[in-house]
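Before any comments, here is the structure.
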Amino acid sequence: MPELPEVEVCRRGLLPEVEGAVLLGATVRTPRLRLPVPPDLDRRLAGTRVAAVNRRGKYLLFECRGGAGDGTLIIHLGMSGNLRFVPSGTPAQRHDHVDLSFARQVLRFSDPRRFGVVLWQAAGAPEHPLLAVLGIEPLSDAFTGDWLYAATRGRAAPVKPLLMDSHLVVGIGNIYASESLFRAGISPLRAAGRIGRARCEALVPAIRQTLSDAIAAGGSSIRDYVHSDGGAGCFQVDCAVYDRAGLPCVRCAGTVRQVRQGGRSTYWCPACQH
DNA sequence: CCGACAACCTGTGAGC
DNA sequence: TGCTCACAGGTTGTCG
């Protein structure tokens, strides 16, 4: 899936088409995603106007006003999800699970692995449990070296899987965790609690820069990711270590290595990262 | 509380 | 060609 940059690129692509537009309704073909799609989604959305499209971590939040009542349409793309516009009446393919119908076009949610999520949150209700547990936004001003230093004290877990823990900090997925640590010169195997203050001060901008660069590049596109307008991203070619096991390090004469952490592949250069 | 792991799904590529 | 296996961008729940 989309990590934070891809979701942000998607959001920005959506914005000009969707903001201020009125939703005619929703067609749910597959109610069984990671969580059940609300059976009354069509009734909730019909007649609402999309006042804004926001992002929290990897969740897209469509702020809907009017209709049967204000609320937020929550969409997560999971591992393999995408959103794109198709002309009204376009036949649905195998993994096209939900259509959001506008007057001039349809925004179609497609997700082969069905790890994604489409939910409705009525205005005034307590924050959705999925959102309530989310950690800090890595592109916010609150994400500082001081914060990271304090947040990692006493943590024995390796820093790489910890960076991917959305309860701590949101949006950093498997690709950008490896890339950020390479940029900061920190070994993914190092216990998070044993990273000193100065290196935390270095890691924060490394993460921020990695994510910002990816957003600027238009997001990555490995396999499933598609821009909201159907175009493919292009950050993938710029990966320094991710998916480069056995290849030469871009910075030194060393060789990129691969290891498994928490069931996920990690890539790093043992010569550059300690 | 913390950390490791299985589970949820389908598609793809490698190897036999 | 066709089978099996490992693995893929995420997150939750469970267990020790």
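Letters go in sequence order (proteins before strands), and every chain restarts at 1. Predicted, not measured: the structure shown is a model, and the values here were computed from it.
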Not counting sequence neighbours, which residues clear side chain to side chain donor-acceptor pair (under 3.5 Å) with A:His167? List them please. A:Asp165
Atom pairs under 3.5 Å, N or O on each side, protein against nucleotides 3-6 of chain B: can you list them with distances?
residue : atom : partner  : partner atom : Å
B:dG3   : OP1  : A:Ala156 : N            : 2.6
B:dG3   : OP1  : A:Ala157 : N            : 2.9
B:dG3   : OP2  : A:Arg155 : NE           : 2.7
B:dG3   : OP2  : A:Arg155 : NH2          : 2.7

Sequence-distant partners of A:Arg29, salt bridge (charged side-chain N to carboxylate O under 4.0 Å, His left out), two or more places apart: A:Asp99
Within residues 38-51 of chain A or reaching into it, pairs that qualify as salt bridge (Lys or Arg N to Asp or Glu O under 4.0 Å) - sequence neighbours excluded: A:Asp40-A:Arg43, A:Asp40-A:Arg44
For residues 148-164 of chain A, which residue pairs pass the side chain to side chain donor-acceptor pair (under 3.5 Å) check, not counting sequence neighbours? A:Lys160-A:Asn174, A:Lys160-A:Thr266
Assess whether a salt bridge exists between A:Arg183 and A:Asp213, defined as any Lys/Arg side-chain N lying under 4.0 Å from an Asp/Glu carboxylate O. yes
Closest of C:dA8, C:dG9, B:dG11 to the A:Arg260 side chain is C:dA8
Any A:His76 side-chain N or O less than 4.0 Å from OP1/OP2 of C:dG10: no
Applying salt bridge (charged side-chain N to carboxylate O under 4.0 Å, His left out), name anything that partners A:Arg197, two or more places apart in sequence or on another chain. A:Asp146
In whole Å, I'd like the distance from the CG atom of A:Asn174 to the P atom of C:dA8. 7 Å
Of all residues at least two apart in sequence or in a different chain, which pass the salt bridge (charged side-chain N to carboxylate O under 4.0 Å, His left out) check with A:Arg194? none
Nearest to the A:Met164 side chain among C:dG10, B:dT10, C:dT12, which nucleotide is it? C:dG10
Closer than 4.0 Å, any side-chain N/O of A:Arg264 to the OP1 or OP2 of C:dA6? no
Taking only the side-chain nitrogens and oxygens of A:His167, find out if one of them lies under 4.0 Å from OP1 or OP2 of C:dT11. no
Partner set under salt bridge (charged side-chain N to carboxylate O under 4.0 Å, His left out) for A:Arg55, not counting sequence neighbours: A:Glu8, A:Glu137
Contacts under 3.5 Å, N or O only, protein and nucleotides 13-16 of chain C:
none

From the set B:dC8, C:dT12, C:dG9, return the single nucleotide nearest to any side-chain atom of A:Tyr59. C:dT12
Scan for side chain to side chain donor-acceptor pair (under 3.5 Å) pairs involving residues 61-70 of chain A, sequence neighbours excluded, and state none if there are none. A:Glu63-A:Thr72
Determine which pairs satisfy ring-ring contact (aromatic ring centres under 6.0 Å, His included) with at least one residue from residues 110-138 of chain A, sequence neighbours left out, and list them in order. none
Picking from C:dT12, B:dC9, C:dG9, the nucleotide nearest the side-chain atoms of A:Arg34 would be C:dT12
C:dC7 phosphate, OP1 or OP2, under 4.0 Å from A:Ser265 side-chain N/O: no
Distance check: side-chain N/O of A:Arg113 vs OP1/OP2 of C:dG9, anything under 4.0 Å? no
Identify the stems formed by DNA chain C, where each pair is Watson-Crick or G-U wobble with both distances under 3.5 angstrom and a stem is at least 3 consecutive pairs. B:2-8 with C:10-16, B:10-16 with C:2-8
Between B:dT10 and A:Arg114, is there an OP1 or OP2 to side-chain N/O distance shorter than 4.0 Å? yes
Check whether any side-chain heavy atom of A:Val250 lies under 4.5 Å from a side-chain heavy atom of A:Val241, and answer yes or no. no
